[in-house]
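Reminder, nothing fancy here: chain letters follow the sequence lines and each chain counts from 1. These figures come from a predicted structure and were not determined experimentally.
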Number of protein chains: 2
Amino acid sequence: MATGGSKRVRVIDVANAVGVSKATAVFSLNDRYDIVISEPTRQRVKNMAAKMGYKPNPLAQALSTGKTGMINIVVPYINDPFFSRFLAHFQQIAFDAHLTPIVTANFNEDENADEFMERLIHWPCDAYILCYSKKLAAFLTERKIHLEKPVVYIGEKVDGIDSVYSDHQAAIAAILNHFSEDRRTDIVFVSDEKALHYINERYRLYLDHMKRIGRKPVELVVPERSRGAAYSTVREHLAAHKPPQAFFCYNDELAIGVQRAVQDSGYNVPDVAVSGFDGLPEGDYMNPRLTTVVYPYDKMCHAAWDLLEARKENLAGASNVVEFQSSFVQGGSTRLPDRVPSLTD
Amino acid sequence: MATGGSKRVRVIDVANAVGVSKATAVFSLNDRYDIVISEPTRQRVKNMAAKMGYKPNPLAQALSTGKTGMINIVVPYINDPFFSRFLAHFQQIAFDAHLTPIVTANFNEDENADEFMERLIHWPCDAYILCYSKKLAAFLTERKIHLEKPVVYIGEKVDGIDSVYSDHQAAIAAILNHFSEDRRTDIVFVSDEKALHYINERYRLYLDHMKRIGRKPVELVVPERSRGAAYSTVREHLAAHKPPQAFFCYNDELAIGVQRAVQDSGYNVPDVAVSGFDGLPEGDYMNPRLTTVVYPYDKMCHAAWDLLEARKENLAGASNVVEFQSSFVQGGSTRLPDRVPSLTD
DNA sequence: CTGAAAGCGCTTACAG
DNA sequence: CTGAAAGCGCTTACAG
């Protein structure tokens with residue numbers, strides 16, 4: 001049976017209805033002006049197609065042309081306020097470009113990850129947008145997929161493929177500097193295992209900072225990158241230890257759990273300061289508001305798209321990098337009431 | 001050029017490498033045990049396919065069989081903590097079933113909505129899962145798409161197609177009852193325009209309740225279903241009016257903005273009570289915790305999947321409905337300290 | 001413009 | 001098991 005329902009209209013049906021050949025119908029519909037067809041004929045075909053509700057079967061077109069009109073957008077997790085912002089942007093961009101976005105979560109380090117990647121590279125699509133999944137980027141480049149189809153990476157600078165990222169250094173320094181100005185030196189770094197395992201910029205700058213001010217770094221490792229896990233870990237920690245002057249959290253997701261844990265343990269925020277990262281919208285609705293770092297999401301997404309478009313012309317060319325700057329945003333979760341806030345930007 | 005890279009391995013390549021016919025190769029790979037092929041031959045084909053990295057081209061398979069292996073999952077918005085939970089569940093379900101999920105946001109009432117729906121029905125896929133988009137459901141049933149492919153609706157009971165929903169009545173009653181027990185009678189309903197426009201259960205039960213207790217209902221209409229819009233609306237309201245005893249909010253998204261607005265206006269929550277709806281994870285991390293209503297998301301998703309599976313066998317059969325019960329969860333955002341909490345379940 | 005044909009990569013019915 | 005063939009619905013090169 002034909003794909004897409006029993007009585008789907010085909011080009012041949014349109015051609016027969018108008019009384020022209022299949023070729024003429026196709027050329028008219030596809031605006032092939034390199035073929036000589038009279039304007040009235042073109043119009044008759046188009047009108048009839050519209051009247052009959054003809055839509056080309058994308059599958060057949062794809063098989064014939066090698067262009068699927070599908071674009072694979074990969075994020076580590078689909079149900080995550082951080083990544084879903086990127087998804088929403090790309091969804092809109094793809095819609096406008098008349099492409100079908102195949103949105104997939106790559107399960108990053110999960111047990112399904114390998115299986116996922118195998119399936120991914122065999123799925124026919126025209127291009128890939130990878131968000132924050134270095135492992136997947138390595139997988140694709142190893143198999144030279146980026147030489148066959150455009151691939152763009154968003155999140156970090158990755159060798160060999162076009163990438164877009166936001167530089168966090170100044171923003172991280174601003175947070176740590178802000179702690180110093182409030183004379184907070186007893187700072188705990190909160191992250192999940194992954195963030196410690198890889199060479200992590202936030203962690204590294206934290207270590208540098210602690211060294212500089214001559215204090216011993218303390219890491220609190222949360223078993224999983226979720227607010228719930230952060231909450232439990234910090235509750236336990238505060239049951240056994242005195243609170244630090246500040247919790248420097250890997251991201252907002254963790255900071256949200258941390259802040260709640262501090263409060264539920266009977267301490268006040270910002271007496272105990274809590275800082276996050278990522279600029280999740282919900283941070284603005286915490287009480288107090290979460291100090292965080294925001295990135296220019298929309299600009300990053302559009303830059304990624306532009307790279308992808310440009311790449312089509314030149315698959316083998318040298319890879320490009322587009323850099324943005326993240327910015328520190330101070331909220332009540334770190335501001336001591338008796339001090340004037342100091343924003344670096 | 002072939003889809004999916006220049007040197008993609010095809011069945012014929014595998015067949016030639018083993019020295020069997022194309023048909024034999026296909027039958028072996030597809031485990032067609034209705035065809036007599038010796039076991040050793042089957043194995044040789046499979047091993048060679050694995051060795052050569054052969055994966056069938058899904059596009060060609062789809063065109064030939066009429067089965068695309070794609071399932072369309074539609075939500076109003078992709079970047080929404082409520083809907084993205086459903087997405088995450090279905091993503092996993094589809095992965096396990098070896099299907100490719102086409103995740104799309106239908107922009108619900110936006111300007112793009114019509115264009116979106118037109119494209120949607122012409123996109124070849126094997127089935128549809130619609131989440132909370134009645135307009136789209138009507139569009140599909142009008143065109144009798146549900147008689148061609150399985151369609152399941154999640155969110156409400158919809159005539160003519162299989163649907164899964166959670167009944168909120170008891171939970172809504174529990175919230176209102178909870179307000180009464182705390183002697184709160186001055187209750188404001190907060191929703192966006194849509195929620196008032198349609199016949200809305202939460203709104204209707206609120207009106208009934210206010211009538212019963214002899215108080216005048218007050219609706220606060222937020223221009224858009226976002227926490228930011230709710231925040232602004234309530235800030236303005238509280239600048240001009242005395243606070244009510246309770247804000248009964250259409251959902252958590254709005255309640256999050258409302259709670260923050262109440263606090264920023266200088267009032268205490270739960271002196272002014274705020275209740276939400278949906279059981280978003282972030283409600284648990286508000287200060288105080290948000291009183292809300294939770295649904296059995298995972299069960300709903302699996303029920304929807306089961307309906308879809310069953311529907312394949314019998315497209316024309318009468319539609320089924322699976323109902324779940326939502327439950328009231330009391331948080332600190334409504335609990336008066338001097339009263340014993342009263343949970344109905 | 002037309003008409004007949006090949007091809008994308010697969011599945012499947014059929015005669016041997 | 002094999003081999004030759006038709007078909008899914010489209011695109012495209014080619015001879016007229």
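- In this structure, D:dC14 forms a base pair with C:dG3, meeting either the Watson-Crick or the G-U wobble geometry with both donor-acceptor distances under 3.5 Å.
- Comparing the P positions of C:dT2 and D:dC8 gives an interatomic distance of 23 Å, to the nearest angstrom.
- In this structure, the side chain of A:Tyr165 does not engage the main chain of A:Val322 through any donor-acceptor pair within 3.5 Å.
- Shown here is A:Asp159, whose CG atom has no more than 12 heavy atoms of other residues, nucleotides or ligands within 6.0 Å.
- Rounded to whole Å, atom C1' of C:dT2 lies 15 Å from atom CZ of A:Arg42.
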Quiz prompt | Trace of the ring pair (Phe, Tyr, Trp, His ring centres under 6.0 Å) decision for A:Tyr132 with A:Phe83 | solution = CA-CA 9 Å; A:Tyr132 295 87; A:Phe83 299 120; 5.8 Å; yes
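- Rounded to an integer number of Å, the gap from CG of B:Leu63 to P of D:dG7 is 14 Å.
- When distances run from any side-chain atom of B:Ser21 to the nucleotides C:dG3, D:dT2, D:dG9, the shortest one goes to D:dT2.
- Checking side-chain atoms of B:Thr41 against main-chain N and O of B:Ile37 turns up no donor-acceptor pair under 3.5 Å.
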Using a cutoff of under 3.5 Å, can you pull out all pairs of nitrogen or oxygen atoms linking the protein to nucleotides 10-12 of chain C, with atom names and distances?
from: C:dC10; atom 1: OP1; to: B:Tyr54; atom 2: OH; distance (Å): 3.1
from: C:dC10; atom 1: OP1; to: B:Asn57; atom 2: N; distance (Å): 3.2
from: C:dC10; atom 1: OP2; to: B:Val11; atom 2: N; distance (Å): 2.9
from: C:dC10; atom 1: O2; to: B:Ser64; atom 2: OG; distance (Å): 3.3
from: C:dC10; atom 1: N4; to: B:Lys22; atom 2: NZ; distance (Å): 3.3
from: C:dT11; atom 1: OP1; to: B:Asn30; atom 2: ND2; distance (Å): 3.0
from: C:dT11; atom 1: OP1; to: B:Gln61; atom 2: NE2; distance (Å): 2.9
from: C:dT11; atom 1: O4'; to: B:Ser64; atom 2: OG; distance (Å): 2.8
from: C:dT12; atom 1: OP2; to: B:Arg32; atom 2: NH1; distance (Å): 3.0

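- Looking at B:Asp306 and B:Arg311, no side-chain N of the basic residue comes within less than 4.0 Å of a carboxylate O on the acidic one, giving no salt bridge.
- No hydrogens or angles considered: nothing links the side chains of A:Ser84 and A:Asn79 as a donor-acceptor pair under 3.5 Å.
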